[in-house]
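Okay, structure first, notes after.
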Amino acid sequence: MTAVTERSSPPEVDVAGASRTRHPLRWVASAVLLVLAAQLVSLLVTNPNFQWDVVGRYLNAQVIGAGIMTTLFLTVIAMAVGVVGGVLVAMGRLSHNPVARLVSGLYVWFFRGTPVLVQLVLWYNLSALMPRISFGVPFGPEFLTADTNQLITPLLAAVLGLGLNEAAYMAEIIRGGLLSVDPGQSEAASALGMSRGRTFRRIVMPQAMRFIVPPTGSQVISMLKATSLVSVIALADLLYTVQAIYNRTFQTIPLLIVACVWYLVITSVLYVGQSFIERHYARGATRNAPQSFWNFLLLRRRRPAAAPTREETPS
């Protein structure tokens with residue numbers, strides 16, 4: 001006879017008297033951060049060089065509002081150029097045409113490899129390279145000519161510099177989002193008789209938007225801050241307006257604080273809009289649902305998705 005040994009059952013663990021794990025380093029880090037925060041608040045309140053009365057006087061000034069409107073207008077136009085150009089360049093990068101792939105790749109290589117500030121100055125000084133711009137048949141007759149100095153205004157130079165640079169980044173974002181969709185879904189749609197255009201609109205693009213929208217929102221916020229670079233070409237945006245004021249009054253720090261406050265206000269509004277759009281496109285993916293703006297401010301953690309019960313588990 002063969003002796004049959006029974007497996008010993010695991011010992012029962014009594015958790016009634018278990019205590020929470022202590023983290024003394026967390027308390028030390030919290031104390032250090034609170035001390036630093038108190039010192040910062042004390043510096044903001046007691047240092048007279050901040051000149052908060054000047055900040056309050058210029059915060060709602062009409063000239064500052066004009067600079068804010070220029071900044072917002074430039075952000076919208078440059079992002080529109082960037083999104084449209086990014087779609088075209090992304091289509092070229094994914095095209096089966098080798099010439100389109102080469103040209104699109106060179107475009108992305110150049111505009112991502114050179115600083116935005118250099119591109120802005122280059123567009124602003126385009127007349128030194130091309131005194132006259134003409135439109136017509138290549139190597140043939142010209143139908144329309146214009147003086148470059150009159151055509152390339154500071155606003156147009158800012159739109160071209162920021163928009164064309166943004167198109168290179170948006171092209172990579174859109175290309176990555178389209179490649180993230182399983183190609184088997186397009187093949188299944190083709191097997192069902194759906195056209196390529198309808199497959200792209202109804203199947204590929206809605207799923208790709210989940211990966212395109214979050215970085216696009218970040219690009220909008222980055223574009224808003226990048227508009228401050230146009231001050232070097234004398235375009236009266238928010239930063240240039242602030243600089244023009246403190247060059248006359250020599251109140252540099254309070255005027256720069258005014259600019260920082262308005263940039264923070266606008267970026268906060270954009271962040272709230274981005275969070276709502278992300279939550280819209282993240283429907284059905286509750287495990288990776290984006291964090292809301294208030295939870296981000298209140299340092300709340302994301303709630304992990306609940307594990308399926310035995311009844312919900314498929315057999």
Side-chain angles (χ1 to χ4, degrees), residues 63-64 66-90 93 103-131 133 147-175 215-248 252-253 255-268 270-271 274:
V63 63
I64 298 295
I68 293 172
M69 295 305 298
T70 302
T71 295
L72 294 176
F73 175 77
L74 187 58
T75 301
V76 173
I77 298 300
M79 278 306 301
V81 173
V83 170
V84 174
V87 171
L88 297 177
V89 176
R93 295 270 283 166
V103 173
S104 301
L106 289 175
Y107 180 93
V108 173
W109 168 76
F110 176 79
F111 282 97
R112 291 183 65 185
T114 54
V116 185
L117 183 58
V118 175
Q119 297 174 28
L120 286 171
V121 176
L122 180 62
W123 283 109
Y124 186 68
N125 295 279
L126 188 62
S127 60
L129 178 65
M130 302 172 57
I133 297 178
D147 183 67
T148 305
N149 277 326
Q150 298 179 358
L151 183 62
I152 305 297
T153 61
L155 180 60
L156 182 58
V159 170
L160 292 175
L162 296 175
L164 296 180
N165 179 268
E166 184 63 29
Y169 288 90
M170 286 302 304
E172 294 301 289
I173 292 174
I174 296 171
R175 185 176 70 92
T216 302
S218 299
Q219 289 298 114
V220 173
I221 296 175
S222 298
M223 175 62 70
L224 175 71
K225 295 180 291 185
T227 55
S228 60
L229 296 174
V230 304
S231 60
V232 300
I233 59 175
L235 185 61
D237 71 319
L238 175 58
L239 181 59
Y240 184 84
T241 304
V242 165
Q243 289 175 336
I245 296 175
Y246 71 64
N247 285 335
R248 299 193 311 266
T252 305
I253 297 300
L255 267 301
L256 290 177
I257 292 176
V258 170
C260 291
V261 168
W262 277 113
Y263 279 122
L264 286 173
V265 169
I266 299 172
T267 53
S268 299
L270 292 176
Y271 189 94
Q274 177 187 357

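Quick note: numbers below take in every heavy atom, side chains included, and nothing from hydrogens, waters or symmetry partners. For reference, positions follow the sequence shown, starting with 1.
- The CD1 atom of Ile221 sits 14.0 Å away from the OH atom of Tyr263 when rounded to the nearest 0.5 Å.
- At least one donor-acceptor pair closer than 3.5 Å links the side chain of Thr71 to the backbone N or O of Leu238.
- Once rounded to the nearest 0.5 Å, the distance linking CE of Met69 with OG1 of Thr241 reads 12.5 Å.
- Among Thr75, Val230, Val81, the single residue meeting the side chain to side chain contact (heavy atoms under 4.5 Å, CB included) criterion with Leu162 is Val230.
- Within the model, atoms CH2 of Trp109 and OG of Ser104 stand 14.5 Å from one another, a figure rounded to the nearest 0.5 Å.
- Ala157 and Ile152 make their closest contact through CB-CG2, 3.9 Å (heavy atoms, listed as atom of the first residue, atom of the second, distance).
- Here the side chain of Thr70 pairs no donor or acceptor atom with the backbone of Asp237 at under 3.5 angstrom.
- Between the CG atom in Leu155 and the CG atom in Leu160 there is a gap of 9.5 Å [rounded to 0.5 Å].
- Minimum heavy-atom separation, Ser228 to Lys225: OG-O, 2.7 Å.
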Would you tabulate the side-chain donor-acceptor contacts of residues 165-173 under 3.5 Å, counting partners in other chains and residues two or more places apart, or write 'none'?
unit_1	atom_1	unit_2	atom_2	d
Asn165	ND2	Phe111	O	2.8
Glu166	OE1	Gln219	NE2	3.2
Glu166	OE2	Gln219	NE2	2.8
Glu172	OE1	Arg175	NH2	2.9
Glu172	OE2	Arg93	NE	3.3
Glu172	OE2	Arg93	NH2	3.3

Donor-acceptor contacts under 3.5 Å from residues 123-130 side chains, at least two apart:
unit_1	atom_1	unit_2	atom_2	d
Asn125	ND2	Val121	O	2.7
Ser127	OG	Asn149	OD1	2.9

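- Summarising the geometry of Leu239 relative to Ser231, their closest heavy-atom pair is CD2-OG, 3.9 Å, with the distance given to 0.1 Å.
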Problem - Leu164 vs Tyr107, side chain to side chain contact (heavy atoms under 4.5 Å, CB included): CA-CA, chis, key distance, verdict - result: CA-CA 9 Å; Leu164 296 180; Tyr107 180 93; 3.6 Å; yes
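- Remark: Leu122 engages no residue in a side chain to side chain contact (heavy atoms under 4.5 Å, CB included) (not counting sequence neighbours).
- Shown here for Val242 and Leu255, the closest heavy-atom pair between the two residues is CG1-O, 3.2 Å.
- With rounding to the nearest 0.5 Å, the separation of CG in Leu156 from CG in Leu151 is 6.0 Å.
- A distance of 9.5 Å separates CD1 of Ile253 from SG of Cys260, quoted to the nearest 0.5 Å.
- The shortest non-hydrogen separation linking Met223 to Ala78 is SD-CB, 3.8 Å.
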Exercise for the section: Might you work through the side chain to side chain contact (heavy atoms under 4.5 Å, CB included) test for Leu235 and Leu74, ending with a clear yes or no? Expected result: CA-CA 10 Å; Leu235 185 61; Leu74 187 58; 3.9 Å; yes
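- Scanning both residues, Tyr246 and Leu256, for their nearest heavy atoms gives CE2-CD2, 3.9 Å.
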